[in-house]
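For reference, the structure is listed below as structure tokens.
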Amino acid sequence: MAFFRIRTSVGLSVLSALCLTSTAALARDVSFSDCGQGEVKAVRVENCGDGACSVASGSAVQVDIDFVSGLDVRAPVLEGQVDVSGLLVSLPGVETDGCKSTQCPVRSGGKTSVHLEVSLSEVSASLPPQARETVSSARPEMHVRVVSPSGEPLACVRIPFKLVPEMS
């Protein structure tokens, strides 16, 4: 599986039906599922309202993930991909040095926050043509894992969103 690494500087703008008229960028808690051992405590996405994110396919989004690690790790790594109807696509252009997006070292039992900027335009471009045609009806999920350099899991989260056409 191809994954991306911590401090992601990729672009993806989250638009919510409730926030379309707002000019202020607000990060709000969104629904997520913890795919680890319950380490993830909160996920916030800029411009997401009511926990359900509608994402313009060519825009950028900022994601903040709060978790409590069970391990001490000097240099964490972030891995991630998008699942579009079972087709896993890695997030391109990702910085692999975890210390660029979170406080290092990560301490066991302490709250850690990771800040990501993610672009779906680059993900959409890497999809096969037949998948691009059905992506607007899909219910994609962003999968994010924080691991030690040896691959030991610190946190894992799945964030559902809905792709919508870009607004002109």
Side-chain angles (χ1 to χ4, degrees), residues 1-20 27-67 69 76-96 98 101-102 114-167:
M1 288 182 155
F3 277 103
F4 71 90
R5 314 263 173 184
I6 279 192
R7 183 58 195 204
T8 316
S9 291
V10 192
L12 171 255
S13 191
V14 176
L15 299 175
S16 164
L18 298 178
C19 294
L20 288 176
R28 298 197 178 166
D29 288 339
V30 296
S31 3
F32 67 90
S33 61
D34 188 303
C35 46
Q37 303 296 315
E39 302 90 351
V40 177
K41 304 306 176 192
V43 176
R44 291 172 306 286
V45 180
E46 186 176 290
N47 291 334
C48 258
D50 76 359
C53 292
S54 295
V55 179
S57 59
S59 54
V61 67
Q62 294 186 23
V63 179
D64 292 295
I65 301 167
D66 298 336
F67 68 96
S69 173
V77 176
L78 183 70
E79 302 176 333
Q81 57 192 183
V82 173
D83 181 344
V84 180
S85 298
L87 178 63
L88 298 175
V89 179
S90 66
L91 295 175
V94 176
E95 172 61 56
T96 61
S101 66
T102 192
V114 173
H115 177 77
L116 307 171
E117 294 179 29
V118 183
S119 173
L120 280 189
S121 59
E122 294 178 48
V123 172
S124 295
S126 65
L127 290 172
Q130 65 275 22
R132 274 185 241 141
E133 294 170 10
T134 61
V135 75
S136 62
S137 62
R139 296 298 295 179
E141 285 186 330
M142 185 184 314
H143 296 196
V144 178
R145 287 182 11 154
V146 182
V147 299
S148 71
S150 63
E152 296 170 285
L154 305 180
C156 181
V157 65
R158 291 185 179 123
I159 307 164
F161 57 93
K162 181 178 182 190
L163 289 173
V164 296
E166 289 184 68
M167 299 190 64

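By the 4.5 Å heavy-atom criterion applied to side chains, Leu88 and Val82 are not counted as neighbours. Within the 4.5 Å cutoff, side-chain heavy atoms of Glu79 are placed close to those of Val147. With contacts defined as side-chain heavy-atom distances shorter than 4.5 Å, the pair Leu154/Pro76 qualifies. Annotation: side chain of Val43 is not in contact with side chain of Asp29 (no heavy-atom distance under 4.5 Å).
Although no hydrogens or angles enter the test, the distance criterion places a donor-acceptor pair under 3.5 Å between the side chain of Asp34 and the main chain of Val40.
Listed here is the closest heavy atom pair of Ser31 and Pro160: O-CD, 3.5 Å. In this structure, Val77 and Pro149 approach most closely via the heavy-atom pair CG2-CA, 4.3 Å.
For the side chain to side chain contact (heavy atoms under 4.5 Å, CB included) with Ser101, the lone residue among Asp64, Val146, Val114 that qualifies is Val114.
Distance check: Gln81 CD to His143 NE2 gives 7.0 Å after rounding to the nearest 0.5 Å. Note that the CE atom of Met142 and the CG atom of Leu116 stand 7.5 Å from one another [nearest 0.5 Å]. The structure places CD of Glu39 at 8.5 Å from SG of Cys156, a figure rounded to the nearest 0.5 Å. Considering CD of Glu141 and CZ of Arg158, their distance stands at 6.0 Å, rounded to 0.5 Å. Atom CZ in Arg44 sits 9.5 Å away from atom CD1 in Ile65 (nearest 0.5 Å).
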